[in-house]
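The figures that follow rest on heavy atoms only: side chains count, while hydrogens, waters and symmetry mates do not. The structure displayed is predicted, hence computed values, not measured ones.
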Amino acid sequence: MAFSSRAVVAVASVALLVAALASTAAAEGNPVEYTESYYDNTCPNAQNIVRSVMERSVAANPRMAPAILRLFFHDCFVNGCDGSLLLDSTDSTESEKEEKANASLAGFDVIDAIKSELERSCPATVSCADVLALASRDAVAMLGGPSWGVLLGRKDSRFVTKNATEELPDPRNGHLDVLLGVFREHGLDERDLTALSGAHTVGKAHSCDNFEGRIDGGEGYDDIDPSYAAELRRTCQRPDNCEEAGVPFDERTPMKFDMLYYQDLLFKRGLLATDQALYTPGSWAGELVLTYSRNQEAFFADFARAMVKMGNIRPDPWTPTEVRIKCSVANGHY
């Protein structure tokens with residue numbers, strides 16, 4: 001699946017943010033400065049390799065585009081963007097993949113395929129965390145969304161993070177202040193929250209557990225369109241089908257990166273409580289939902305900016321890191 005002409009959006013604010021984040025990293029004394037040119041000398045074809053494998057993978061299975069984007073979110077929200085999500089379980093440690101909130105994640109084989117090609121071209125050079133950052137950018141562009149310059153230079157954690165999903169937003173909690181608190185703990189603000197949530201313009205939920213209370217009289221039941229709730233109840237009466245086929249976050253264009261997700265929120269047709277919470281009267285998030293529902297370019301610009309910002313979340317400084325040869329296993333353990 002090739003990139004469309006709409007996929008590449010030049011956003012001046014994103015370029016300025018990239019420069020600011022790189023300068024901040026250097027000023028704080030971080031051992032590695034993230035830059036777009038990080039692999040220019042050591043693996044100049046890295047981004048082309050990532051894009052080529054992504055195009056083949058998405059052409060074979062379109063679901064892989066939103067799946068890869070979701071992987072990046074789940075990785076960055078747990079001890080920073082360090083590729084720890086990609087590690088398999090060991091005899092002594094359970095993988096983050098095994099956590100309930102990560103049970104429906106997919107696309108690990110795509111990341112492995114990209115990494116294998118990179119290892120043939122430039123061994124032990126490109127980190128799995130950077131592969132995931134680049135692949136998620138390409139996934140969005142392939143779905144018709146914006147593109148942006150990815151800051152590179154991340155390293156891979158050698159260990160998984162215990163109780164990983166405690167740092168992820170609870171999809172059943174529809175309180176905007178709680179959701180904002182989770183994002184602020186990661187250095188992200190209300191605009192970042194609202195724009196990044198727009199990733200739900202693509203993809204599907206694969207468990208009714210994430211929204212069942214909302215459609216069966218639980219918290220948030222008064223904030224959902226009754227006909228939509230009835231439709232979801234019918235779907236969830238066949239839980240096996242729900243897990244297999246999934247429930248789209250955006251009913252109309254579930255495989256197109258656009259602003260219809262925000263339009264759905266205006267009519268109380270957000271799938272998750274965390275989706276609908278964005279359209280809270282009197283909040284900045286609510287105002288942004290209105291803006292994005294009417295102005296796709298504004299959404300694309302803010303989404304690209306927020307992805308750069310989220311991608312700069314670093315692991316704790318004590319985290320042992322490396323460039324993993326295989327994304328699923330720490331070096332020396334395979």
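- Proximity of F159 to T93: side-chain heavy atoms (C-beta onward) are nowhere separated by under 4.5 Å.
- For F249, the ring-ring contact (aromatic ring centres under 6.0 Å, His included) partners two or more places apart in sequence, or in a different chain, are H200.
- Side-chain N or O atoms of D223 include none that pairs as donor or acceptor with a backbone N or O of K268 at under 3.5 Å.
- Contact between A133 and V150 at its shortest, heavy atoms only, is CB-CG1, 3.9 Å.
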| task | Kindly indicate, with the supporting measurements, whether the criterion side chain to side chain donor-acceptor pair (under 3.5 Å) is fulfilled by S52 and R56. | result | CA-CA 6 Å; S52 176; R56 295 199 305 268; 3.1 Å; yes
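- Following chains of ILVMFWY side-chain contacts shorter than 4.5 Å, one can reach Y261 starting from L196, so the two form part of one hydrophobic cluster.
- The closest side-chain heavy-atom distance from L71 to L105 is below 4.5 Å.
- The closest side-chain heavy-atom distance from L271 to L232 is below 4.5 Å.
- Under the side chain to side chain donor-acceptor pair (under 3.5 Å) criterion, H186 pairs with no residue, sequence neighbours left out.
- Between I111 and A135 the shortest heavy-atom distance is CD1-CB, 4.1 Å.
- F183 meets the ring-ring contact (aromatic ring centres under 6.0 Å, His included) test with F77; sequence neighbours excluded.
- By the salt bridge (Lys or Arg N to Asp or Glu O under 4.0 Å) test, R233 pairs with no residue at all, sequence neighbours left out.
- V140 is listed as a side-chain neighbour of P146, based on a closest heavy-atom distance under 4.5 Å.
- Taking CG of D302 as the reference point, atom OG1 of T291 lies at 9.0 Å (rounded to 0.5 Å).
- Partners of L87 according to the side chain to side chain contact (heavy atoms under 4.5 Å, CB included) rule, which considers only residues two or more places apart in sequence or in another chain, are V160, R324.
- Atoms OG and CG, from S328 and D112 in turn, are 5.5 Å apart once rounded to the nearest 0.5 Å.
- By the salt bridge (Lys or Arg N to Asp or Glu O under 4.0 Å) test, E212 pairs with no residue at all, sequence neighbours left out.
- The side chain to side chain donor-acceptor pair (under 3.5 Å) search around T42 returns none, not counting sequence neighbours.
- For S121 and N45, the side-chain atoms include no donor-acceptor pair closer than 3.5 Å.
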| Does the pair D250 and K256 meet the rule for a salt bridge (Lys or Arg N to Asp or Glu O under 4.0 Å), with working shown? | CA-CA 9 Å; D250 171 357; K256 182 180 179 183; over 6 Å; no
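- With E190 contributing its side chain and A285 its backbone, the two residues share a donor-acceptor pair below 3.5 Å.
- Distance alone, capped at 3.5 Å, is enough to place a donor-acceptor pair between the T125 side chain and the P123 backbone.
- A donor-acceptor pair under 3.5 Å links the side-chain atoms of S89 to the main chain of S95, judged by distance alone.
- Distance check: I313 CD1 to C76 SG gives 6.0 Å after rounding to the nearest 0.5 Å.
- Y228 places no side-chain N or O within donor-acceptor distance of the main-chain N or O of F267, the cut-off being under 3.5 Å.
- The shortest non-hydrogen separation linking D258 to F299 is O-CE2, 3.4 Å.
- Counting heavy atoms from C-beta outward, L266 and R294 have side chains that stay 4.5 Å or more apart.
- Counting non-hydrogen atoms of other residues, nucleotides and ligands closer than 6.0 Å to CG of N41 gives a total of 12 or fewer.
- Criterion: ILVMFWY side-chain heavy atoms under 4.5 Å apart, direct or through other members. Under it, M255 and F257 are part of a common hydrophobic cluster.
- Remark: the backbone N or O of G198 is paired with a side-chain donor or acceptor of Y262 at under 3.5 angstrom.
- Looking at Q276 and I224, their side chains never come closer than 4.5 Å, going by heavy atoms from C-beta outward.
- For R252, the salt bridge (Lys or Arg N to Asp or Glu O under 4.0 Å) partners at least two apart in sequence or on another chain are D264.
- Partners of K97 by salt bridge (Lys or Arg N to Asp or Glu O under 4.0 Å), not counting sequence neighbours, listed by chain and number: D88.
- Using bins of under 30°, 30° to 60° and over 60° for the plane-to-plane angle, the ring pair W148/F303 lands in the perpendicular bin.
- Side chain of S157 to backbone of S84: no donor-acceptor contact under 3.5 angstrom is found.
- One hydrophobic cluster, built from ILVMFWY side chains closer than 4.5 Å, cannot hold both L180 and V178; they sit in different ones.
- Here CD of Q263 is found 9.0 Å from OG1 of T253. Values are rounded to the nearest 0.5 Å.
- Here F72 pairs with nothing under the ring-ring contact (aromatic ring centres under 6.0 Å, His included) rule; sequence neighbours left out.
- The OG1 atom of T235 lies 8.0 Å from the CD1 atom of I215; values are rounded to the nearest 0.5 Å.
- Side chain of E322 to main chain of N331: a donor-acceptor pair is present (N/O by atom type, distance under 3.5 Å, no hydrogens or angles).
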| field | T194 and V289: CA distance, side-chain angles, deciding distance, side-chain contact (heavy atoms from CB on, under 4.5 Å) verdict | value | CA-CA 7 Å; T194 312; V289 167; 4.0 Å; yes
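- The shortest side-chain heavy-atom distance between L168 and F73 does not fall under the 4.5 Å cut-off.
- With values rounded to the nearest 0.5 angstrom, L132 atom CG is found 8.5 Å from C327 atom SG.
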| task | Apply side chain to side chain donor-acceptor pair (under 3.5 Å) to the pair Y38 and D130, showing each step before the final yes or no. | result | CA-CA 10 Å; Y38 187 80; D130 276 347; over 6 Å; no
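- Every side chain to side chain donor-acceptor pair (under 3.5 Å) that E251 has, sequence neighbours left out, goes to R269.
- Partners of Y279 under the ring-ring contact (aromatic ring centres under 6.0 Å, His included) rule, at least two apart in sequence or in another chain, do not exist in this structure.
- With hydrogens and angles ignored, the 3.5 Å screen pairs no side-chain donor or acceptor of D316 with any backbone N or O of W318.
- Linking Ile, Leu, Val, Met, Phe, Trp and Tyr residues whenever their side-chain heavy atoms come within less than 4.5 Å leaves V323 and L85 in two separate clusters.
- With respect to K115 and E119, a salt bridge is recorded, a charged nitrogen being found less than 4.0 Å from a carboxylate O.
- No hydrogens or angles considered: a donor-acceptor pair under 3.5 Å links the side chains of R70 and S104.
- Residues L86 and D75 have side chains not in contact (no heavy-atom distance under 4.5 Å, counting atoms from C-beta outward).
- Annotation for A139 and M54: closest pair CB-CE, 3.8 Å, computed over non-hydrogen atoms.
- Proximity of a side-chain donor or acceptor of D192 to a complementary backbone N or O of D189 within less than 3.5 Å is detected.
- Across every non-hydrogen atom of G149 and V308, the tightest pair is O-CG2, 3.9 Å.
- A salt bridge is absent between D82 and R314; no separation between the charged side-chain nitrogens and carboxylate oxygens falls under 4.0 Å.
- Closest non-hydrogen pair, V78 versus H74, comes out as CG2-O, 3.6 Å.
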